[in-house]
Amino acid sequence: MPTEPKAAASTETKTAVPTGPDASGGRDVVGAVLKACTLLGHFSADRPAWTLNELTTASGMNKTTVFRLMATLIQAGWVDRTDEGAYRVAMPVFEIGSAALSKLDIRSAAKPFMSELAAAFGNTAYLMVPADQGAVCIDLLEGRNSLVVAGINIGSVMPYHAAAGPIVMLAHSKALRDKWVTKGLPAITEQTITDIDRLTEHLDEITEAGYSLSVADYLPGVAAVAAPILGRNGSVVASISVGGRAEEFEGAALAAMIEKVCDAGVRITRIVQALPRA
């Protein structure tokens with residue numbers, strides 16, 4: 001096993017450790033535990049193993065600190081080493097994860113990500129699921145500057161061919177496309193796409209991009225960004241979105257929303273795909 005690296009002369013770089021209201025607890029918070037949790041947070045199904053140097057770079061922590069924290073996690077049984085010397089999470093982490101997943105549903109899985117979106121942008125975050133009659137809003141969380149969107153509440157049923165949340169599910173579902181992409185779609189606003197060829201092209205673009213952006217196609221002056229949430233077989237099971245005043249969905253702000261909404265969709269998808277089968 002590698003020996004402890006020599007301590008660097010410079011002071012530790014204080015980055016990558018969560019900050020803000022949710023992370024600050026004054027004297028009640030143990031900094032070393034928080035840092036250890038940050039290191040564990042780097043492990044995922046896509047990246048199950050990390051070397052000491054990789055964790056040091058990714059976390060922004062001092063190499064000696066990372067080494068000691070990982071050694072402690074190994075001693076506790078939460079982490080072990082691969083044959084090549086990299087770190088990987090051990091079985092107790094999976095057991096705890098299984099316990100959490102056993103009582104988790106899509107709404108509770110999405111709630112933390114909706115909170116992040118509402119807090120980050122001040123707009124309303126939505127969670128929608130597909131149904132025969134349309135996209136159903138099953139949860140929403142208003143931000144500090146939220147625009148009260150009339151007609152979109154928990155339980156609202158929306159057409160699939162307008163608004164970011166419904167249309168991103170339509171784009172990612174062949175079954176929904178076969179049923180809903182037909183002649184005679186109603187124009188809800190002047191921006192609603194009703195032409196079949198144009199709509200099909202738009203849906204293909206959404207599928208390629210991995211997200212949808214709607215601007216005044218469901219409600220005048222309202223815009224939204226949405227990402228799909230996929231089940232085990234790749235079928236769409238929900239969408240997560242953030243919506244508000246159209247003028248707020250431009251430039252760097254829009255780019256940040258797209259990035260964060262897409263990230264939320266990917267992360268919730270991972271959780272949903274790990275949920276126990278009903």
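Quick note: numbers below take in every heavy atom, side chains included, and nothing from hydrogens, waters or symmetry partners. This is a predicted model, so every value here is computed, not measured.
- Ala171 and Ile206 get closest at one heavy-atom pair: CB-CG2, 3.6 Å.
- Side-chain N or O atoms of Thr192 include one that pairs as donor or acceptor with a backbone N or O of Thr189 at under 3.5 Å.
- Within the 4.5 Å cutoff, the side chain of Val79 has heavy atoms near those of the Leu40 side chain.
- Side chains of Met61 and Thr56 form no contact here, defined as non-hydrogen atoms less than 4.5 Å apart.
- Going from atom CG of Leu230 over to atom OG1 of Thr269 covers 4.5 Å, rounded to the nearest 0.5 Å.
- Between Val225 and Leu254, the closest side-chain pair of non-hydrogen atoms falls below 4.5 Å.
- Judged as a side chain to side chain contact (heavy atoms under 4.5 Å, CB included), and not counting sequence neighbours, the contacts of Ile193 are Arg198, Leu199, His202.
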What's the verdict on side-chain contact (heavy atoms from CB on, under 4.5 Å) for Val181 and Leu203, showing C-alpha distance, side-chain angles and the deciding distance?
-> CA-CA 10 Å; Val181 181; Leu203 295 175; 3.8 Å; yes
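- Here the closest non-hydrogen pair linking Glu248 and Met257 is O-CE, 3.6 Å.
- In terms of heavy atoms, Ala238 sits closest to Ile106 at CB-CD1, 3.4 Å.
- Closest approach of Ala119 to Arg144, counting heavy atoms only: O-NH1, 2.6 Å.
- The neighbour count for Gln133 CD, taken as heavy atoms of other residues, nucleotides or ligands under 6.0 Å away, is above 12.
- Around OH of Tyr211, the count of heavy atoms belonging to other residues, nucleotides or ligands within 6.0 Å does not exceed 12.
- A cation-pi contact links Arg81 to Tyr87, judged by a cut-off of 6.0 Å to the six-membered ring centre and 45° from its axis.
- Among all heavy-atom pairs drawn from Val237 and Pro130, the shortest one is O-CD, 3.3 Å.
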For residues 160-168, dump all side-chain donor-acceptor pairs below 3.5 Å to protein atoms at least two apart in sequence or in another chain.
{"residue": "Tyr160", "atom": "OH", "partner": "Ala131", "partner atom": "N", "Å": "2.8"}
{"residue": "Tyr160", "atom": "OH", "partner": "Ala131", "partner atom": "O", "Å": "2.8"}
{"residue": "Tyr160", "atom": "OH", "partner": "Gly134", "partner atom": "O", "Å": "3.1"}
{"residue": "His161", "atom": "NE2", "partner": "Pro186", "partner atom": "O", "Å": "2.8"}

Evaluate side-chain contact (heavy atoms from CB on, under 4.5 Å) for Gln191 paired with Val215, printing each intermediate quantity in order.
-> CA-CA 8 Å; Gln191 302 303 319; Val215 181; over 6 Å; no
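- You'll find the side chain of Leu127 reaches within 4.5 Å of the side chain of Ile229, heavy atoms only.
- Atom CG of Asn123 and atom CG of Leu141 lie 11.5 Å apart (nearest 0.5 Å).
- Take Asn53 and apply the side chain to side chain contact (heavy atoms under 4.5 Å, CB included) test, not counting sequence neighbours, and it matches Thr51, Lys63.
- Remark: Met70 CE to Leu39 CG distance equals 6.0 Å, nearest 0.5 Å.
- Remark: side-chain polar atoms of Trp50 are paired, donor with acceptor, to backbone N or O of His42 under 3.5 angstrom.
- Note that CE of Met128 and CG of Leu140 are 8.5 Å apart. Values are rounded to the nearest 0.5 Å.
- Distance alone, capped at 3.5 Å, is enough to place a donor-acceptor pair between the Arg232 side chain and the Gln273 backbone.
- Shown here is Glu259, whose CD atom has no more than 12 heavy atoms of other residues, nucleotides or ligands within 6.0 Å.
- Annotation for Glu208: atom CD does not count as buried by contact number, only 12 or fewer foreign heavy atoms lying within 6.0 Å.
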Just do the side-chain contact (heavy atoms from CB on, under 4.5 Å) check on Ile152 and Tyr218 with the steps written out, would you?
-> CA-CA 10 Å; Ile152 304 180; Tyr218 184 71; 3.9 Å; yes
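- In this structure a side-chain-to-backbone donor-acceptor pair under 3.5 Å is present from Thr200 to Ile196.
- What you find for Trp180 and Asp132 is that their closest heavy atoms are CZ2-O, 3.4 Å.
- Under the salt bridge (charged side-chain N to carboxylate O under 4.0 Å, His left out) criterion, no residue pair touches residues 215-225, with sequence neighbours excluded.
- Under the rule for a side chain to side chain donor-acceptor pair (under 3.5 Å), the partners of Thr82 that lie at least two apart in sequence or sit in another chain are Glu84.
- To the nearest 0.5 Å, atom CD1 of residue Ile240 and atom CG of residue Asp263 are 10.0 Å apart.
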side-chain contact (heavy atoms from CB on, under 4.5 Å) between Leu117 and Lys260, intermediate numbers included | CA-CA 7 Å; Leu117 290 173; Lys260 202 163 185 68; 3.8 Å; yes
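- Listed by first then second residue, pairs satisfying salt bridge (charged side-chain N to carboxylate O under 4.0 Å, His left out) with a partner in residues 161-183 read Lys174-Asp178, Arg177-Asp204, not counting sequence neighbours.
- Note that OG of Ser241 is 8.5 Å distant from CE of Met169, once rounded to the nearest 0.5 Å.
- With contacts defined as side-chain heavy-atom distances shorter than 4.5 Å, the pair Pro48/Arg88 does not qualify.
- Considering only heavy atoms from C-beta on, Val33 comes within 4.5 Å of Cys37 through its side chain.
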